[in-house]
Amino acid sequence: MRQIALVNQKGGVGKTTTTVNLGAALALGGKRVVLVDLDPQANLSLHLGSVVGSGAPSSYRVLTAQCSFAEALVDTSTDGMRLMPTDIHLSGAELELAAALGRETLLRDAIEEWCKDGEPCDYLLFDCPPSLGLLSINALSAADEAFLVVQTEFFALQGMSKLLEVIELVKKRMNPRLECTGLIPCLYDNRLRLAREVLGELRSYFPDRVFATTIGQNVKLAESPSFGKTIFEYAPQSSGARDYTALGQAVLAMEEIATETEPAQKPREKTVDLQPHQPSAAPQPKTAVTDSPLREKGP
Ligand code: ADP
Ligand code: MG
């Protein structure tokens, strides 16, 4: 079972859209997928047309030990894809849990209990909120992999060093299995020189981690949540559906690479340098990289 946290403390970069449509692409590829809504704004739940009734199971109730992980799962209209919805109660969880023992690993504990008789799914995707608070920490503590979801715009790299620092800290203190395995460029418009430059910079800072597939801007992706549908249900011929199919294939292909390399190096135990690679001749950034890791390390 691969457990992947889709993270970025910025909002509006494409985390929820990617969770829904990457999840759907994997489910259409025959995988058993579970999506976990960890954002109190409940965009993921609403995107899939799920509204949590008063007192009903939700990620909030799982974190506060009022129900089990399994009890909080609901089916979606995509075969093989289930959802753990949430509602606005989750916004109080950070405060409520502030004094709870082991508060950073509540989600992981619930998942371990759920998995004690075997692996109930192949992919567990965590849609993180736009902050690096307790909810994102719970996702990173439970996950084996972090996918950074990045919008290819002027401020793309701003805040990135903080995000990498938090991932590194969680890895060191709570979850040595955690690795930053992918960076997904979203809302990409290849007609814009700025977007192409940002993508080039991301690729030079994070070689081998930026997916070759970019998710282009596509109005169908923006429209589909209001119909409670994935892109494959709403507009299967759209460029958005094509992009997420390609991303799904790339994510599936990582399984093969991991299997091939397993005897030589156990991926879960290897130490990955989360710091971005510094190109030998660093390009002069034209984007806002004021707090990028490269800038910090630079001359
Ligand atoms: P996040 O979860 O990071 O806050 P969302 O996935 O909710 O970001 O996306 C923010 C907004 O942008 C939403 O209105 C969404 O529908 C829209 N959106 C996301 N990805 C795309 C895309 N590739 N093309 C067009 N609109 C998009
Ligand atoms: Mg979101």
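Counting starts at 1 for both ligands and their atoms, in listed order. Just so it is clear, the model here is predicted, and its values are computed rather than measured. FYI, side chains are in, hydrogens and waters are out, and symmetry mates aren't considered; it's all heavy atoms of this structure.
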Can an N or O of N218 be found at a distance shorter than 3.5 Å from an N or O of ligand 1? yes
Using side-chain heavy atoms (C-beta onward) and a distance below 4.5 Å, is T230 in contact with M81? yes
Relative to the heavy atoms of I215, which atoms of ligand 1 are at a distance of less than 4.0 Å? 23 (N)
So, do P40 and L135 sit near enough that their side-chain heavy atoms are less than 4.5 Å apart? yes
Looking at ligand 1, does any of its N/O atoms fall within less than 3.5 Å of an N/O of G12? yes
May I ask you to check whether Y244 and F232 place their ring centers less than 6.0 Å from one another? no
Any idea which of C186, C128, A222, P129 brings a heavy atom closest to atom 16 (O) of ligand 1? A222
Residues in side chain to side chain donor-acceptor pair (under 3.5 Å) with N43, at least two apart? none
If you compare N8, N43, T17 by their heavy atoms, the one closest to atom 19 (C) of ligand 1 turns out to be T17
Could you check which of G14, G11, G216 puts a non-hydrogen atom nearest to atom 23 (N) of ligand 1? G216
Can you find a protein heavy atom closer to atom 8 (O) of ligand 1 than 4.0 Å? yes
Would you mind listing which atoms of ligand 1 come within a distance below 4.0 Å of any non-hydrogen atom of K15? 1 (P), 2 (O), 3 (O), 6 (O), 8 (O)
In ligand 1, which numbered atoms sit nearer than 4.0 Å to a non-hydrogen atom of Q217? 23 (N), 24 (N)
For atom 26 (N) of ligand 1, is some protein heavy-atom partner under 4.0 Å away? yes
What verdict does the side chain to side chain donor-acceptor pair (under 3.5 Å) test give for E233 and S77, after you've listed the backbone C-alpha separation in whole Å, the side-chain angles of each residue and the deciding distance to 0.1 Å? CA-CA 9 Å; E233 295 165 323; S77 50; 2.6 Å; yes
Strictly distance-based, threshold 3.5 Å: is any side-chain N or O of S59 a donor or acceptor partner for the main-chain N or O of M84? no
Please check atom 21 (C) of ligand 1 for a protein heavy-atom neighbour under 4.0 Å. yes
Give the C-alpha distance, both sets of side-chain angles, the deciding distance and a yes or no for side chain to side chain donor-acceptor pair (under 3.5 Å) between T64 and Q66. CA-CA 6 Å; T64 51; Q66 298 178 63; 2.8 Å; yes
Test side chain to side chain donor-acceptor pair (under 3.5 Å) on N175 and S141; report intermediate values, then the result. CA-CA 5 Å; N175 181 10; S141 299; 5.9 Å; no
Below 3.5 Å, N or O to N or O, backbone or side chain included: is there any such pair between D127 and ligand 1? no
Going by heavy atoms in the side chains, are K15 and D39 under 4.5 Å from each other? no
Please check if atom CZ in R196 has more than 12 non-hydrogen atoms from other residues, nucleotides or ligands closer than 6.0 Å. yes
Kindly indicate whether the side chain of L148, heavy atoms from C-beta on, has any atom under 4.5 Å from the side chain of V7. yes
What protein N, O or S atoms come within a distance below 2.8 Å of the Mg ion (ligand 2), ordered by chain and number? T16 OG1
At less than 4.0 angstrom from any non-hydrogen atom of V13, what atoms of ligand 1 do you find? 1 (P), 3 (O), 8 (O)
Heavy atoms of the protein only: does one fall short of 4.0 Å from atom 13 (C) of ligand 1? no
Could you check whether K171 pairs with E168 (Lys NZ or Arg NE/NH1/NH2 to Asp/Glu carboxylate O, under 4.0 Å)? no
List the steps and the verdict of side chain to side chain donor-acceptor pair (under 3.5 Å) for S58 and D87. CA-CA 7 Å; S58 63; D87 60 18; 4.7 Å; no
